[in-house]
Structure formats: structure tokens, C-alpha cells
Amino acid sequence: MQTFTNPVLPGCADPDVIYFEGTYYLYATNTDIKDPSELGFKVYSSPDLVRWTCRGMALKAEDSWGKENFWAPDIIYHNGLFYLSYSVEEHLCIATSRSPLGPFVQEKKEPLHPDTKEIDSHFFQDADGKWYLYFVRFFDSNQIWGAEMTDDLMGIKEETLTRLLIPDTPWECVQWPVNEAPYMIPHNGLYYLTYSGSHCESDYGSGYAVSDSPLGTYRKYEGNPVLRSTKEMPGVGHHCITRSPDGKDMFIVYHRHFDGTRMSPRCVCVDRIRFEKQPEGPDILVVDGPNAGPQPCFF
């Protein structure tokens, strides 16, 4: 039986993964930039979420608005195009490509909201075909907002803009009150909005909230965080969730600190995540991790 040990990819944070034509592709914040040509986003490919190969730059700074601080990419495929949503200089941008390897290009080089700082965007398509964008805005805390997207997936319908989550529990307020890194999982007619809490330099962690609609009122799970930092796995958070090729198993892909004393360069880890039935109320999300020791490969 083949095994692996976290982390699975060095020098990366804020990962997002897409499965396309038999291959997983990962995009992330580059936390180990060695020269200006690495500004933007690299793309990595894998057959199994464990063995990753760098495939070069998916998006270069010259093909985007902004010059530095390229963070937290999010990837989708729709109608023959790949859309990459990301933040640069704390503003949201969207670029497109015909290939998961890029090159991604922002055709109109300006941010989604020039006068508003925003980070950590995430695309979500509901069963009725409508697309939504979730992201973070800054006030006296980092807050998660959402909105329905325009038909071309290049902007939002401003009249639908809704504040969804604010940090209001102790585990979310270490060093700074933070709800960030939204990621949506629909399940049994409910909407599970997962997120990270507390300052990224702290112990960090991830939890979730549940609603009856994509932009509805969200109720935070009382057992949060479901992904919690440990001595062996410090600073875990900012995740995405993906499935096995047959769709039966779910995996949480997240970053952790370099070690117990240094945040960067951060690195990517992967563990199992699952829904667990309850005697009453909605199913709960359970993370089998964070795991620092050897574990069986997933498939």
C-alpha cells in the first residue's frame, strides 16, 4: 500500500483545485518568489492529489491589472473557458484561458471594484444554473460577502450584494477578527459555506455555516473549527474541497505554516473531509485531520 505524508507541495498557500479530463490542477499563492518573473500564479498538475508537478506560470503579472501581492486564485470551467478569480494588491480580478495551463489573461485590465479592497474570491454555480461570487471585504474585521454574478461571469449584480459572515466567536478573533477564504459545498438542499478564522499568522483554522439559500442567513456550526491547528500542523487554513474521480470521496486541500516558528514559505496539505449524519438537524462536516504522519494514498 502506497502512503504519503503532509505537506504535499512546498512554497504555496491559499490553494484551489479543479479536476479536468482526468487530471487535478492546482493554483495557489506563491509564497516563495525568487524573481519578478514568478509574480502571478503557477499551475501544478497531479493524478492523485499527492504527487504534484509544476507546469509553469498560469498567469503572469504582465497579463493582469496590478503588479504585486497576487493572492488566493479560484478556478472554474464553463462553456469552453477557464475563469480564474484572484486578488492582486487587495482588489479582485478575473482572467480567462482556453486551457487549464494558461496563459490566463485579464482582457480588461481593471479590478472588479476599483475603490473597494477585496480578497479571497470563490465561484459557485447553483443547481438552477445561477453563478455566485463569494469574497472578503475589510471593515473593523475581515467579513465574507456574496453576490449573484453577471451572465458573462466577469462581474457581479451589485443589487444582490449581501454580507454573509462576520467573525463573532473567540476562535475567529485571534490577533484580528477574521472570516475569510469562503468555499461553498451544497449538500441535501442546504448550502455549507466553509471559511477560515483568525489572523493567518495565528493558529488559524476553518469552520462552516449553513443556510437554506446561497445568499441567505447563515448559521455557524457550534462545533467549529472543524480544521484546527496542532503543534505538528501549525497555521492550517484557507482551503478548497475537491472530490475523487468517481465523485464518492471528498478531500480538503489547505495550507499550513512552514513550521512552528515561521509562517512562510507555507505549504499545501490534503486530508479527507466528509458529511456525517446526525440524529437531528443537518449533516455535519468532519475533517479527518490535520494529519502529520504517514497515511494511505487516496486512490
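We count residues from 1, following the sequence as given.
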**Item:** H238 and E180: CA distance, side-chain angles, deciding distance, side-chain hydrogen bond (donor to acceptor under 3.5 Å, both in side chains) verdict
**Value:** CA-CA 8 Å; H238 201 123; E180 64 184 14; 5.2 Å; no
**Request:** Could you tell me whether R243 and D249 make a salt bridge, using a distance below 4.0 angstrom between a side-chain N and a carboxylate O?
**Result:** no
**Salt-bridge present (K34, E38; N to O < 4.0 Å)** = no
**Prompt:** Between the main-chain N or O of A181 and the side-chain N or O of D120, is there a donor-acceptor pair closer than 3.5 Å?
**Reply:** yes
**Request:** State which residue, out of P282, S211, S213, fulfils the side-chain contact (heavy atoms from CB on, under 4.5 Å) condition with L190.
**Result:** P282
**Prompt:** Checking side-chain contact (heavy atoms from CB on, under 4.5 Å) against R274, which of D288, I284, L285 comes through?
**Reply:** D288
**Request:** Give the cluster check for I166 versus W145: same hydrophobic cluster or not, with ILVMFWY residues linked at side-chain heavy-atom distances below 4.5 Å.
**Result:** no
**Asked** Do the non-hydrogen side-chain atoms of Q143 and N179 ever get within less than 4.5 Å of each other?
**Response** no
**Item:** Minimum-distance pair of heavy atoms, taken over all atoms of T5 and P294
**Value:** OG1-CA, 3.5 Å
**Sidechain-backbone polar pair: S198 side chain, C173 backbone, donor-acceptor under 3.5 Å** = yes
**Prompt:** Under 3.5 Å, side chain of Y24 to main-chain N/O of F20, donor-acceptor pair present?
**Reply:** no
**Message:** Under a 3.5 Å distance rule, please check whether S46 uses its side chain to pair with a backbone N or O of D48 as donor and acceptor.
**Reply:** yes
**Item:** Note: R262-D259 ion pair, threshold 4.0 Å (strictly below)
**Value:** yes
**Message:** Please check this pair: side chain of T160 against backbone of K157, looking for a donor-acceptor N/O pair closer than 3.5 Å.
**Reply:** yes
**Asked** Does V253 reach the side chain of I241, with side-chain heavy atoms less than 4.5 Å apart?
**Response** no
**Message:** Centroid separation under 6.0 Å, is that true for the rings of Y195 and Y183?
**Reply:** no
**Request:** If a pair satisfies ring pair (Phe, Tyr, Trp, His ring centres under 6.0 Å) and one of its residues is in residues 260-296, list it, with sequence neighbours excluded.
**Result:** H187-F275, Y192-F275
**Prompt:** Can K220 and E172 be counted as an ion pair, charged N to O under 4.0 angstrom?
**Reply:** yes
**Chi angles and distances behind the side-chain contact (heavy atoms from CB on, under 4.5 Å) call for F138, V136** = CA-CA 7 Å; F138 307 128; V136 171; 4.1 Å; yes
**Request:** State whether the side chain of S64 and the backbone N or O of A61 hold a donor-acceptor pair below 3.5 Å, judged by distance alone.
**Result:** no
**Item:** Validation row: T217, D212 side chains within 4.5 angstrom (heavy atoms)
**Value:** no
**Prompt:** Would you call S45 and W52 a side-chain contact if the rule is heavy atoms closer than 4.5 Å?
**Reply:** no
**Request:** First locate atom CG of D271, then atom CG of L227, and finally report the distance between them rounded to the nearest 0.5 Å.
**Result:** 7.5 Å
**Item:** Passing option when F41 is tested against Y25, W71, Y86 for ring pair (Phe, Tyr, Trp, His ring centres under 6.0 Å)
**Value:** Y86
**Prompt:** Do S196 and S206 have side-chain atoms, one donor and one acceptor, less than 3.5 Å apart?
**Reply:** yes
**Item:** Hydrophobic cluster membership, V287 vs Y221, 4.5 Å side-chain cutoff
**Value:** yes
**Message:** Are F82 and Y77, when compared by the centres of their aromatic rings, separated by less than 6.0 Å?
**Reply:** yes
**Message:** Check whether N224 reaches the backbone of Y208 with its side chain - one donor and one acceptor, N or O, closer than 3.5 Å.
**Reply:** yes
**Message:** Just to verify, which of D16, T194, D74 counts as forming a side chain to side chain donor-acceptor pair (under 3.5 Å) with H122?
**Reply:** D74
**Message:** Quick check against the 3.5 Å criterion: does H91 have a side-chain atom that pairs as donor or acceptor with the backbone of P114?
**Reply:** yes
